Asks: 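I'd like to ask some things about the structure below.
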Amino acid sequence: MPRFLLHRLLQGLVSIVGASIVIFLIARLSGDPILILLPNDASPQLIAETKRNLGLDLPLWHQYLIFAWNALGGDFGRSYRWQMPALQLILDRLPATIELAICGLVFSVAIAVPVGVLSAVRPGGWTDRFGRVFAMLGQAMPAFWVGLLLILFFAVELNWLPAFGYGGVSHIIMPAIALGWYPVAAQTRIVRSAMRDVLDSDHIRLSRALGTPEHWIVWKYALRNAAVPLLTMLGVYFAAMLGGAFVVETIFAWPGVGRTVVEAVFSRDFPVVQAGVLFTSILFVLSNLLVDLAYGIVDPRIRADR
Amino acid sequence: MLEADAITKHYRTSRGTVRAVEGVSFSLPKRGTLALVGESGCGKTTIAKMVLLLERPSGGAIRFEGQDIATMPRLALKAYRRRVQAVFQDPYASLNPRLRVGRIIAEPILAHERPGRAALDKRIAEVLDIVGLPAAAARLYPHEFSGGQRQRIAIARALAPRPELMVLDEPVSALDVSIRAQVLNLLQDIQDEYGLTYLIIAHDLALVQHFSSSVAVIYLGRVAEAGPTGPVFADPRHPYTQALLAAVPLPDPDHVLSEAAAAGEIASALHPPSGCAFHPRCPHAFAACPASVPPPHAVADGHIAACHLLQETHA
Amino acid sequence: MLLQVEQLRTYLHLRRGVLRAVDGVSLHVAEAETLGLVGESGSGKTMTGLSLLRLLPRGAGRIEGGSIRLDGQDLTALTEADMARDIRGRRIAMIMQDPMTSLNPVFSIGDQVAAPLRYHDIASGAVLRSQVIDVLKRVRIPSPEQRLGDYPHQFSGGQRQRIVAAMAIGCTPRLLIADEPTTALDVTIQVQIISLLKRIQQDAGLGIVLITHDLGVAASLCHRIAVMYAGQIVETAPVRAIYKAPAHPYTQALLAAIPRLHATERRLTAIPGQPPSLIDPPEGCRFAARCPHRMDRCAEPPPVVDLGNGHSAACWKLAA
Amino acid sequence: MSHWRASLLAALLASGAVGAVAQTPKPATGNLTIAFAAEATMLDPAKSAAGVDQYFFGQIYEQLVRPDPSLKKVNWLAESWSVQDDGGKPVIDVVLRKGVKFHTGDTMTAEDFAFAYNRLRDNKVSRWSHLQASVESFEIVDPYHFRIHFKQGDGSYVADNLQLWAMSKAYFDKVGDEEFGKTPIGTGPWKFVSRTIKEDLKLEAFDDYWNPTQRPTVKNLTVKIIPEDLTRVAAFKTGAVDWIDAVPPALVEEFKKMPGVTVASYVSPNNMYIAMDAIDENVPMHDVRVRQAAAHAVDVDAIIKGVLFGQGVRYAEVGPGELGYDPDLKPYPYDPKKARALLTEAGFPRGFDIPCYNLTSPREPYQKEMGEAVFAYLTAVGIRCKVQGQEYGAWITFGRRDRPGHIDGFYSNMWGHGLPGDAGTAWAGHVHTYVPGAGWGITSVHSDPELDALIEQLKATMDTQQRDALIRKIARIKRDRVAGGLTTYRPVVTFAWRDNVTFIAWPTPGFWRNLQQIGLKQ
Amino acid sequence: MALSIPVSEPIARRRLPAWLRGAPWLAFLVLTIVLVCAVGGEDILPDDPNGLNLADAFRPPFWAAKGSAAHLLGTDNMGRDILSRILAGSQISAIVCAYAILFSGCIGALAGMAAGYFGGIVDAVLMRLIEIQQSIPSIALALILAAAMEPGLTTVIVVIVLTYWAWYARIIRGEVMTLKGRDYVNFARVAGVGTPTILVRHLLPNIFNTLIILATLQVGQVILFEASLSFLGLGIQQPDISWGLMLADARQYITSAWWLITMPGIAIMLTCRSANILGDWLRDRLDPRLRQL
């Protein structure tokens, strides 16, 4: 187990470093922050001096090494725009984004599992049809549309939920739905097909042959087996939600990393972009690691393989 | 013609080293049929894969006409690939579902020579005829055939480049009884007609006895007993061979099966027992068995068995 | 009679047509008797076994006619809920072919062996645990107390098949359907499972329907044998009669086609051709096309000829 | 006072909000939550990067001179000030108001302005150092009296409200640079309480505010940041906030009809225009007739009505209410026939293809659609636009001449930062010929010696009257020659508040969101 | 004998060729219409999709009060005919989908085949690349790339390709690893067939189904991805029209003129749903193992 974990961590580290290089390079292709930073009539000397101060005059690989070395020490540089440590800017926003991503994921799983299971058990049934239409809507409507419709209906019309902001449970319901609706379709599909495969399997047939009640077969025996492929995807979905949250964050005025990074890109605030993306990569690696660990809980065979 | 000299194959996995094959030697004369017999996981398929160059031995050498196939010059290797062909167990997995039968059969030919279109078609028709299929079969896809017919196609494909050695990996175990007899007969006919040499991998002892001229019984990567089929089956000297033979249920209600011959189950190649790997299951095990690996012992001409009991009695 | 099946017909409604998997099968099993259902793949023997439990492929499989009586009670008349509660696992149990896949990989074996006992309300709590240990002991799992929490992958193939057997006999069923219980096992393990089944039968007086394609296994385990071909039973006889005096040409051909240990003949007698499609089977004798004794009358359905001593076969040659 | 400004004031009076001004203030009580669309980055006037920052730190910091709600300039932290002459070099002499206290309790003195001056002109700290470029030295006469000595005349300095924010030297010395930016301390009506980036800014009414007649009557103010228009509207409708800025133009009519809601619209001195390349001889707009054709081709009024729902005010070079506004100077009338004729005259009877760059992450409502509409009108007369979008980061550097590459067509642009001064600074940037390193024409794609001379003269003129005349003169030439781009409109910003709120809009320099007088109805 | 009949095979009733039974005709129809519109060019547009007519802005669809038969689906904020814009948008959306899917599919398939077939160091490197790609939030990558390049059609396609190739590669890699163990591939190796031949003859045809299915699933994702980019102003740019752009622009009028967002929304929904239904159907038909995607 520890050896396996170590291996995964090392691989994750490679990914994180790779991601940081990629982001570092493309970010620098996207334009020069100096002109955004400096006053309109900045002299060429001032421009040169500022470049030197920010280290932007060095060759790219050198800049990257400096960045990487400092990052190892927890220093991701200062935001050009916010004039504060980029790390702090990102870390302050991170909890809200993680909370949103987790709730979005919980929403999608909470819909996908029952719908997927029931539509595998009774294809063409009520849940199957309704569930698929529901899932399809999430897949065909961009999050900003979903978000606005939710606000118009649940906040403005019904006044059940607050229209915006970060706070208690009631605040997170609509953002979580707006974020979590999109992957419902894909997750339902996974659960449904995994359930169909499991329900076709020998051990389920044996359970039936031994008189196991159907609800027991479906919700206890088969679901746990079907959870494995869903789990595999959850790590990837979690990362996608972290990264894709900016639309929802904007719509619901949610104080998260997504918006911060988007604005940082617009203002070529490289340290913030780098720190933001790096932390999302780290979360991606960590969430995949968690998924790997969760496998072991759900599937004892995998436990043994390590 | 084919000789294995103390070949070993170890796989390194996260849980440790799997000793799939541990120093197996055998030799296969031209036109002979050698059967590798053993229970699942004993390493017989790995040996076949090494002969087919699908795996590289970790140690030892496989020699074809005296030449080590691992160090063969390019040209000889190319020839080797033509001269050695294979038929695998599953007739459903061994034919590419996207290719027509004619193309499937043509492939091994085209890998080695460039006959003209007409010559190629003729060769295809020929081999199809040998396996008892009409020439028209070349235009169809594999899924249009039954299991037995597919295995015939697989045989035709293997025959197409005119090989000299055929590796048959459980060639009939996926087939029904009535079809099995057809395919076995076909394989024998082909051998007789074209003077082929067979290396057959099987777990069905009755089939092996029926089909092969010599046999090597493998247990956990080592040869337990080997020799000409008749003497080995008539007078098995290794307790494992004895147990195997005793365990075969015969289509005879008067035959009584003996459960006692081999207790327990085959150990894992990951943690093989010390000394003679069979000792935990052996009814005759004694002190020497866990202590050291028994060397092969010649009990008769060409008949060897690796058992400490034989050492004791003959010492 | 423990089990009495009359003229059972089970069809599969597939996209490409109606497949007559079981087409007029009659058989019976007495207490403490093992009936071997022997045939090649696609002969309908597994579908027959599943029909007894009424566990047919959903949406496609249907029992079209005939009766299945267990201790005189017609199972075809029962509701699905009754089948699940009173019959499956409780009175008829089943073992499947592949011990590697017939256990749920993500639940401990203690959990799985206990499950039938629990939902058939046979035991719970500490009693349940002791019963589980007891039944695992009966199938000779060493030190079951320590292994209840282990998962299927921690057991070898033979042990897994023993655990499956433990699940099947936990509720002391009257009839056990064993579908190729040894096919996926190595010979040395196969012997162990065969003797286990024998012992279970002796202990519990259980009727067994053994579904197999292996004439060797059938010979070593069965009291009577029914040979199936293309959805129908072509010959039924006590085990001795089948092997010593096979009456039906198919049975004869089958016995001739298998290589035998210690036999010396170089060539096997192959059966030419292939079994017919069950979607559109021939009118008369279904073996006729491959039969060496074929005659004109074979175009009509053959009569079941009673040869005495419980031996019967469906063949025109015998009727003549 | 112009008609326009009079009508605005009338509207304000009619809204009933002004009535509270003269009464003796009661201590501030209660809580109020409001929402802004945009968010500040820095709360430090020296480090602030964008005009939007002033919405926030403008509540906390104050300047020497400021416009009142009727846009009249009044002395604020300065008791009095005057421009004097010191041997040919101008000097601004300032006498400070006494008794003004910082939120820390320290009294504001000339020392603080000296500190502010030094900080603002330090180009390592300040983004606004160029505004202090013509200052030679800062002289403290006594604690309430200082003089700013100039190298040469700097009209913008006066026009832009003397450019100095009152920053506490004592506080800076105590807490240092980092904290100074994080926890701002000023003299303004609101004390900083806390700020959560991307979420809100919490303020508390400053009890010791020097101007008790013009201070908030609510104790605690929370400014929420809600960037998405409809969400902000929803927040208002659901009662989560009682005041919002930037009501989306499409919804202004709906808001006006809402019972219990007051709506007020103000012109933002952001001046939108369509810049065009006129220096490259190969580009058709080098020819004044083509530029005039473009000016005739666009029906700005129709766009304002249709695209902006009327939430824009058309202007010709200088907007109403600004210094140098000339009511007789009219924008080009929409006349596509004349536009085509001019094109033909200029040698483009079949028109031409030209790249057009549009800002796609808008800074003003419907700015993107506005650009699309303008380009569609241009295309209709034969100036066939190949539209290319630009996100903000690219757009902000796009027009700069020190950027590699050059501008070869039309692009949507605007000016207005640092206002309300007057047009001088902006024109120096985008009308005057580009002079590398000298600060002239930094975003200019135009070159006209006559205009250059006039703009330079304007820069040096500190007298308001003279500036007024000069600006009128330049504006007329600029209009006739369509120099430095085609002027279009100034956006209107609309605020809405519930009737339990009292509010008088004060312009934060240029942007109207000063919460000087906001409160709850008793 | 193991029971090999899938539980879900429905009862046969109709008399169509077997492979066409249960085919999603409606989905076919919708996609055909979209394709016809996409290739129809300007000829099929009832009106100029960029024809500004401010006087005629915000006209509701024909069935509503004030609607007009001249603009069946109404007009937008600048008086442009929504039907024409949707039809014109189908062209851009189809181009984006086609190129994005083609390139991400090809790159992903090549990478996946290389990783799966050669294994070892090639696999390790490609797997890390895939993981790197997946660990960078796709929208951040898209954003930075779009900022680095000029926003517009090409950028959108490049961004989508960079985002999705890893998805293909990962799945194809898994496929190839399974296929590689197949006996027919082993046999080809035994027979001395060259690696290129094995890749082209034995692997490519067998992953083709997977590629087709993945492609149908990607249609909806591409359209929505482009909408997200448009939300930020980085998607398709005027005067090109895409459905995502229409949607993003129309959100400001969601309360005042519902049809602006609803009409392109319905077009997206129908197309996505049809592509997915088609993909599901193909998957069930071609390759039941892929149901998990």
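These figures come from a predicted structure and were not determined experimentally. The chains referred to below are lettered A, B, ... by the order of the sequence lines, with proteins before strands, and numbering in each begins at 1.
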Asks: Using heavy-atom distances under 4.5 Å, tell me whether C:T182 contacts chain B through its side chain, its backbone, both, or neither.
Replies: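 Neither part, no heavy atoms under 4.5 Å.
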Asks: Using a strict 4.0 Å threshold on nitrogen-to-oxygen distance, state whether C:R286 and C:D23 make a salt bridge.
Replies: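 Salt bridge: yes.
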Asks: Below 4.5 Å, heavy-atom pairs only: which of B:S40, B:G41, B:G148, B:G38 has the largest tally toward chain C?
Replies: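 Of the options given, most contacts go to B:S40.
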Asks: Does a side-chain heavy-atom distance below 4.5 Å link B:P91 with B:Q149?
Replies: no
Asks: Out of B:H255, B:Q182, B:E39, return the one with the most heavy atom pairs under 4.5 angstrom to chain C.
Replies: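 Among B:H255, B:Q182, B:E39, the one with the most close pairs to chain C is B:E39.
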Asks: Would you call B:E225 and B:R237 a salt bridge, taking side-chain N to carboxylate O under 4.0 Å as the test?
Replies: no
Asks: So for C:I194, is it side chain, backbone, both, or neither that comes closer than 4.5 Å to the heavy atoms of chain B?
Replies: side chain
Asks: Tell me, out of B:N185, B:L250, B:V177, who's got the most heavy-atom pairs with chain C below 4.5 Å.
Replies: B:N185
Asks: Heavy-atom distance under 4.5 Å to chain C: side chain of B:L207, backbone, both or neither?
Replies: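 Its backbone and side chain both get close to chain C.
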Asks: Is the number of heavy atoms from other residues, nucleotides or ligands under 6.0 Å of B:D254 CG greater than 12?
Replies: yes
Asks: Between C:I163, C:V164, C:V113, C:I169, which is the residue that forms a side-chain contact (heavy atoms from CB on, under 4.5 Å) with C:V139?
Replies: C:I169
Asks: A cation-pi test, strictly: NZ or CZ of C:R147 under 6.0 Å from the centre of the six-membered ring of C:F155 and no more than 45 degrees from its axis. Yes or no?
Replies: yes
Asks: With chain B as the partner, which of C:A270, C:P272, C:G157 has the greatest number of non-hydrogen pairs under 4.5 Å?
Replies: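 Among C:A270, C:P272, C:G157, the one with the most close pairs to chain B is C:A270.
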